[in-house]
Amino acid sequence: MQIITTKKELQAIVRACKAEGKTIGLVPTMGALHAGHASLVKRAVEDNNVCFVSVFVNPTQFNNKEDLAKYPRNIQRDAELLQSIGADFVFAPTPEEMYSAEEMNTTFSFDFNGLDQVMEGKMRPGHFNGVVQVVSRLFYLVQPDKAYFGEKDFQQLAIIHHMVEHSSMAGTFGDLQIIDCPIVREESGLALSSRNERLSESEKATAVNISRILFESLKWAKEAAATVDAVQQRVIDAINAIEGLEVEYYEIVDQTTLLPTDTFRHAIGCVTVYCGPVRLIDNIKYEEA
Ligand code: AMP
């Protein structure tokens, strides 16, 4: 496995892979890797001749400087994990290598048909513009055949599908296929997240209630006369009733439009919860209930 830190070196390696007719899989990450990331990488290794993983804490997608500063980083441990599961190349640039000073400070604005205006987009203005800025740059540099993203960040995945398939950028990435990967959870049900590293043991025990309540809500949705609004509110109330948890939003929306829905068919509930100072996200699909 080779660690690359410059765009120039990356592009030379990509050119060589393409010249040899190799298929390329890409897994974009912000590091502090865990079994959730590993599931994406294993799939990319299986599906492609070469697997590139980017490890880059993208400053332009953080609207909160403190969150950016506190984001866990451990490239050495990440590299060991990636080597052990068969990744071929790790791209780990500095922010200065990735962006010019102008790019770092310009507010980009992409149009995603409203997908970026709800939930995370509403709470974290500019967040998805930063995500699209970095992901589109990675697609341009790595020219992957397939790129792998987790359903844990469901809204991000919807926006990336939109970018590649429907936006003004559609077609600019060749035949790139976006591969959706299921959420990996601890045995307790807690969705794996790099941010879990910031939880104390007792906060972690409290955080387990988030997924427990989401899974319980699948049963609530099947009760006679259950409505989307009522289940949505019941989830919010149940989570808020746990000491140490505070819901920022819980919205049951259509999986495609991310707009409010009045049916559980093709619906997904997306939650953001503060567990102490740590902001956690999770989601649950009702159609699978
Ligand atoms: P991040 O490093 O948080 O930007 O995540 C990199 C990729 O890993 C994203 O596509 C995430 O959706 C995905 N990911 C993060 N946590 C999980 C998880 N628990 N299960 C599956 N995928 C995940």
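Here the structure is a predicted model, which means the values were calculated and not measured. Throughout, numbering of the chain's residues begins at 1 and tracks the sequence. Every number for a ligand or one of its atoms is a count from 1 in the order of the listing.
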Looking at ligand 1, would Pro28 count as a contact under a 4.0 Å heavy-atom criterion?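 In this structure, Pro28 qualifies as a contact of ligand 1 - some heavy atom is under 4.0 Å.
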Below 4.0 Å from any atom of ligand 1, is there a heavy atom belonging to Tyr71? yes
Heavy-atom contacts with [X] under 4.0 Å: which atoms of ligand 1 show up? List them by number with element.
X	value
Ile183	20 (N), 21 (C)
Leu40	7 (C), 8 (O), 10 (O), 13 (C), 22 (N)
Phe149	10 (O)

Output all residues satisfying ring-ring contact (aromatic ring centres under 6.0 Å, His included) with His127, sequence neighbours left out; order by chain, then residue number. none
Look up atom [atom1] in [X] and atom [atom2] in [Y], then write down how far apart they are to the nearest 0.5 Å.
X	Y	atom1	atom2	answer
Ser168	Asp111	OG	CG	8.0 Å
Phe52	Leu10	CZ	CG	6.0 Å
Ile236	Glu248	CD1	CD	11.5 Å
Ile85	Leu33	CD1	CG	8.0 Å

Look at [atom] and say which protein heavy atom is nearest, naming residue and atom and giving the distance to 0.1 Å.
atom	answer
atom 8 (O) of ligand 1	His37 CD2, 3.4 Å
atom 10 (O) of ligand 1	Gly150 N, 2.9 Å
atom 15 (C) of ligand 1	His34 CE1, 4.0 Å
atom 20 (N) of ligand 1	Val184 N, 2.8 Å
atom 23 (C) of ligand 1	Lys152 CB, 4.1 Å

Could you see which bit of [X] sits under 4.0 Å from ligand 1, with heavy atoms only: side chain, backbone, both or neither?
X	value
Met30	both
Pro182	backbone
Glu151	neither
Leu157	neither

Nearest candidate to atom 14 (N) of ligand 1, where distance is taken over non-hydrogen atoms, out of Val57, Val134, Ile179, Asp153: Asp153
Pick from Asp78, Asn196, Asp180, Leu192: the one approaching atom 19 (N) of ligand 1 most closely through a non-hydrogen atom: Leu192
Between Tyr140 and Phe173, ring centroids under 6.0 Å: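 No, ring centres 6.0 Å or more apart.
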Taking the side chain as everything from C-beta on, heavy atoms only, tell me whether Leu157 gets closer than 4.5 Å to Glu151. yes
May I have all residue pairs that pass salt bridge (charged side-chain N to carboxylate O under 4.0 Å, His left out) and include part of residues 230-247, sequence neighbours excluded? Glu223-Arg234
Exercise: identify the closest heavy-atom pair between Gln155 and Leu115: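 Between these two residues, the closest heavy atoms are NE2-O, 2.8 Å.
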For a quick test of reading the model, state the closest non-hydrogen atom pair linking Phe128 to Gly121 and the distance between them.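 Heavy-atom minimum between the residues: CE1-N, 3.5 Å.
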